[in-house]
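The block underneath contains the structure these notes are about, expressed in structure tokens.
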Amino acid sequence: MNRTDLVRLVVLISGNGSNLQAILDACQSGELAAQVTGVISNKADAFGLVRAEKAGVPTIVLEKNREQDRHAYDLQLAMHTAAYQPDWVVLAGWMRILSMKFLGYFPGRVINLHPALPGTFPGTHAIERAYEAWMKGEVKRSGVMVHLIPDEGVDTGPVLGMEEIIFREGETLGEYEARVHAVEHRLLVKTIKNIITAEEFRRRENAKSHSICS
Ligand code: GAR
């Protein structure tokens, strides 16, 4: 596929970047008709930056300093993100809540990965909190979801993909966490693939209706 036909993804990270890696691998193998045009991290020591650089993807580190206003930071982040001309912005382990100062630039174009089911364990340490809830007998299952971010809600928004994970008797937190990550890597790529397919379908339908009208 011609590189100009590839869907442009900008990925925002804060840490390890194993989900970024899953996206990079899927772009590389052709599973995703997409390219990562830029990676932005709010942490200078995020290992995901090394992964991006290894894949030849441009990176930016944009740390928020204490004195900086949240909205000023988000606006600056939006400018850097826009410079990579994304079709989609993917939050893959991005651990800051984004305000409308950022989201307003990419309406309906920001997706987030969260390691729990819709409406459960919003915010940080969702994997640990779900595991603790299971240990206390409060839940039997948790999961992973990918959703749109329309507003400033924390890990809320229209769900694009989800997968349940049933806890296994006797499993450790580490074992559960490894299962969550394996599901995340698969689900995130699958959801991005579905988005690309859906957009392509819509584009063709629009082209058809224009040719009928003209
Ligand atoms: C993932 O488990 C992701 O779901 C989570 O951060 C981790 C990042 O891992 N995100 C959130 O908790 C967002 N609320 P990674 O850096 O290896 O991709």
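Counting starts at 1 for both ligands and their atoms, in listed order.
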Practice task
With atom 12 (O) of ligand 1 as the reference point, say which of Gly93, Gly15, Ala46, Pro115 has the nearest heavy atom.
Solution key: Pro115

Exercise for the section: Provide, to 0.1 Å, the distance between atom 16 (O) of ligand 1 and the closest protein heavy atom, together with that atom's residue and name. Expected result: Gly17 N, 2.7 Å

Practice task
Would you please determine whether Pro122 falls within less than 4.0 Å of ligand 1 on a heavy-atom basis?
Solution key: no

Practice task
Indicate if Ile60 and Met79 have the same hydrophobic cluster label, given that clusters are the connected sets of ILVMFWY residues with side-chain heavy-atom separations under 4.5 angstrom.
Solution key: yes

Practice task
For Gly48 and ligand 1, answer yes if some heavy atom of the residue is under 4.0 Å from a ligand atom, otherwise no.
Solution key: no

Practice task
Please determine if Trp94 has a nitrogen or oxygen closer than 3.5 Å to a nitrogen or oxygen of ligand 1.
Solution key: no

Exercise for the section: Look at ligand 1 and say whether His181 reaches it with a heavy atom at a distance under 4.0 Å. Expected result: yes

Handout entry: Atoms in ligand 1 flagged as close to Asn16, the criterion being non-hydrogen separation under 4.0 Å
Key = 16 (O), 17 (O)

Exercise for the section: Consider ligand 1: state whether an atom of it lies below 4.0 angstrom from any non-hydrogen atom of Ile13. Expected result: no

Problem - Basic-acidic side-chain contact under 4.0 Å: Arg204, Glu200 - result: yes

Exercise for the section: Could you state whether Val90 and Leu20 fall into the same hydrophobic cluster, counting links through intermediate Ile, Leu, Val, Met, Phe, Trp or Tyr residues with side-chain heavy atoms under 4.5 angstrom apart? Expected result: yes

Practice task
Looking only at protein heavy atoms, identify the closest one to atom 17 (O) of ligand 1 and say how far it is in Å.
Solution key: Ser18 OG, 2.6 Å

Handout entry: Proximal ligand 1 atoms for Asp155, defined as those under 4.0 Å from one of its heavy atoms
Key = 14 (N)

Practice task
Compute both the distance and the angle, then confirm whether Arg96 meets the cation-pi test with Phe102: under 6.0 Å from the six-membered ring centre, within 45 degrees of the axis.
Solution key: no

Practice task
Would you please determine whether His125 falls within less than 4.0 Å of ligand 1 on a heavy-atom basis?
Solution key: no

Completion exercise
Judged by heavy atoms only, the candidate from Asn19, Val144, Leu188 nearest atom 18 (O) of ligand 1 is Asn19

Exercise for the section: For Thr156, enumerate each residue passing the side chain to side chain contact (heavy atoms under 4.5 Å, CB included) test, keeping only those at least two apart in sequence or located in another chain. Expected result: Asp151

Fill in the blank from the handout: Sorted by chain and residue number, the side chain to side chain contact (heavy atoms under 4.5 Å, CB included) partners of Lys193 (sequence neighbours excluded) come out as Glu31, Leu32

Practice task
Establish whether Val146 and Val159 are linked, either directly or via other cluster members, by ILVMFWY side-chain heavy-atom contacts under 4.5 Å.
Solution key: no

Fill in the blank from the handout: The closest protein heavy-atom partner of atom 2 (O) of ligand 1 is Glu184 OE2, 2.8 Å

Exercise for the section: Verify, without hydrogens or angle tests, whether Arg51 (side chain) and Asn19 (backbone) share a donor-acceptor contact under 3.5 angstrom. Expected result: no

Fill in the blank from the handout: When distances are taken from atom 13 (C) of ligand 1, the protein heavy atom at minimum range is Leu113 O, 3.7 Å

Problem - Any donor-acceptor N or O pair under 3.5 Å, side chains Gln85, Thr37 - result: no

